[in-house]
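No experiment lies behind these values; they were computed from the predicted model shown.
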Amino acid sequence: MKKLHAVIFFLSFSLLPFNSISKIEIETYGINNNIDNSLIIARITNNDIEVISPKIVFFYRDPEIKLKFKNIKHTRLLFNNNKIKFIINGEEQELLFTNGETTFNKKLSKENVISILTEGFSFSQKITFFPLWEMLLVIAIIIGLVSFWMVRIKKNQ
């Protein structure tokens, strides 16, 4: 009986290292039941977003920029509940997309450049501003020329 207890005691301790190795092996292979491996969350690249921005803006208005996902069911949109963080002219801003589209107004720096960054996506464009006084000057010149021609025509009759 003492020999039987000794054999059982010996076998139980000799099997202990094999059980712990197999447990470590399962953990190192990353078997995790909480992760859905069928869904792969893609990074946002330049091929995923279309940027619509004006090239010419009047000085008194901030340019309105529109971002549009080419695929409105992009996995990044679905994963983040249609909210994505962008770096716009150096400031982090979270934009809410509706049907894969969003618009925002942004005051530009002195360089008049808009730059948008996120993950693998980058966009940069120079925007030309027309000051209000230039627009009013052109209108004043046209009104002045029309008035001058009307006065000249009346004098000749």
Side-chain angles (χ1 to χ4, degrees), residues 18-157:
F18 295 116
N19 290 337
S20 60
I21 289 175
S22 63
K23 180 165 177 45
I24 292 171
E25 203 171 305
I26 289 172
E27 289 177 359
T28 56
Y29 283 116
I31 296 173
N32 189 348
N33 295 332
N34 297 333
I35 297 174
D36 182 10
N37 292 327
S38 64
L39 179 65
I40 298 172
I41 300 168
R43 291 177 54 87
I44 299 171
T45 64
N46 286 350
N47 297 330
D48 295 325
I49 297 179
E50 178 183 357
V51 180
I52 301 167
S53 67
K55 296 192 188 244
I56 299 172
V57 176
F58 292 110
F59 192 68
Y60 58 91
R61 293 183 54 195
D62 292 335
E64 182 177 271
I65 292 121
K66 181 177 183 179
L67 299 177
K68 181 179 180 182
F69 268 89
K70 293 177 183 175
N71 177 11
I72 62 171
K73 294 188 178 185
H74 192 278
T75 54
R76 183 60 67 182
L77 278 174
L78 298 175
F79 184 72
N80 291 341
N81 296 326
N82 294 324
K83 294 179 183 177
I84 297 179
K85 290 184 181 179
F86 287 89
I87 299 174
I88 302 170
N89 287 353
E91 297 176 7
E92 188 172 310
Q93 186 174 354
E94 186 174 62
L95 300 176
L96 176 65
F97 285 81
T98 307
N99 294 328
E101 297 181 4
T102 188
T103 57
F104 63 93
N105 293 342
K106 186 67 178 173
K107 187 170 181 93
L108 300 180
S109 61
K110 292 181 181 181
E111 296 87 29
N112 296 336
V113 175
I114 184 79
S115 66
I116 305 169
L117 305 169
T118 189
E119 294 180 1
F121 173 79
S122 66
F123 174 81
S124 181
Q125 181 181 17
K126 183 165 178 65
I127 296 178
T128 304
F129 279 94
F130 281 119
L132 183 61
W133 67 268
E134 284 181 4
M135 186 175 72
L136 294 176
L137 181 66
V138 170
I139 292 171
I141 289 173
I142 291 172
I143 291 173
L145 286 174
V146 168
S147 300
F148 176 73
W149 287 331
M150 290 176 71
V151 170
R152 191 169 177 198
I153 290 173
K154 283 187 180 181
K155 280 187 181 181
N156 289 339
Q157 289 180 350

Contacts of E92 meeting salt bridge (charged side-chain N to carboxylate O under 4.0 Å, His left out) (sequence neighbours excluded), chain-then-number -> K85
Which residues satisfy the side-chain hydrogen bond (donor to acceptor under 3.5 Å, both in side chains) test with [X], sequence neighbours excluded?
X   : answer
E91 : K106
N89 : S115
T45 : D48

### Task
For N82 and L96, run side chain to side chain contact (heavy atoms under 4.5 Å, CB included): C-alpha distance rounded to whole Å, both residues' side-chain angles, the deciding distance at 0.1 Å, then the answer.
CA-CA 6 Å; N82 294 324; L96 176 65; 4.2 Å; yes
Quick one, [X] and [Y] - any side-chain contact, counting heavy atoms below 4.5 Å?
X    : Y    : answer
I116 : I65  : yes
I44  : I84  : yes
V51  : F121 : yes

[X]: partners by side-chain contact (heavy atoms from CB on, under 4.5 Å), with sequence neighbours left out:
X    : value
L137 : W133, I141
L95  : L67, F86, I88, Q93, F97, T102, F104
Q125 : S53, K55, I114, F123
L78  : none

Measure the spacing between [atom1] of [X] and [atom2] of [Y] and express it to the nearest 0.5 Å.
X    : Y    : atom1 : atom2 : answer
R43  : T118 : CZ    : OG1   : 8.5 Å
I49  : N71  : CD1   : CG    : 11.5 Å
T103 : K68  : OG1   : NZ    : 13.0 Å

What are the two closest heavy atoms between [X] and [Y], and how far apart are they?
X    : Y    : answer
E64  : P54  : O-CD, 3.3 Å
V113 : S124 : CG1-OG, 3.5 Å
L117 : S122 : CD2-CB, 3.4 Å

Residues pairing under salt bridge (Lys or Arg N to Asp or Glu O under 4.0 Å) where one sits in residues 69-83, two or more places apart or in two chains, turn out to be R76-E119
Applied to residues 143-157, the salt bridge (Lys or Arg N to Asp or Glu O under 4.0 Å) test, sequence neighbours excluded, yields none
| task | Check whether more than 12 heavy atoms from other residues, nucleotides or ligands sit under 6.0 Å from atom CG of N105, and answer yes or no. | result | yes
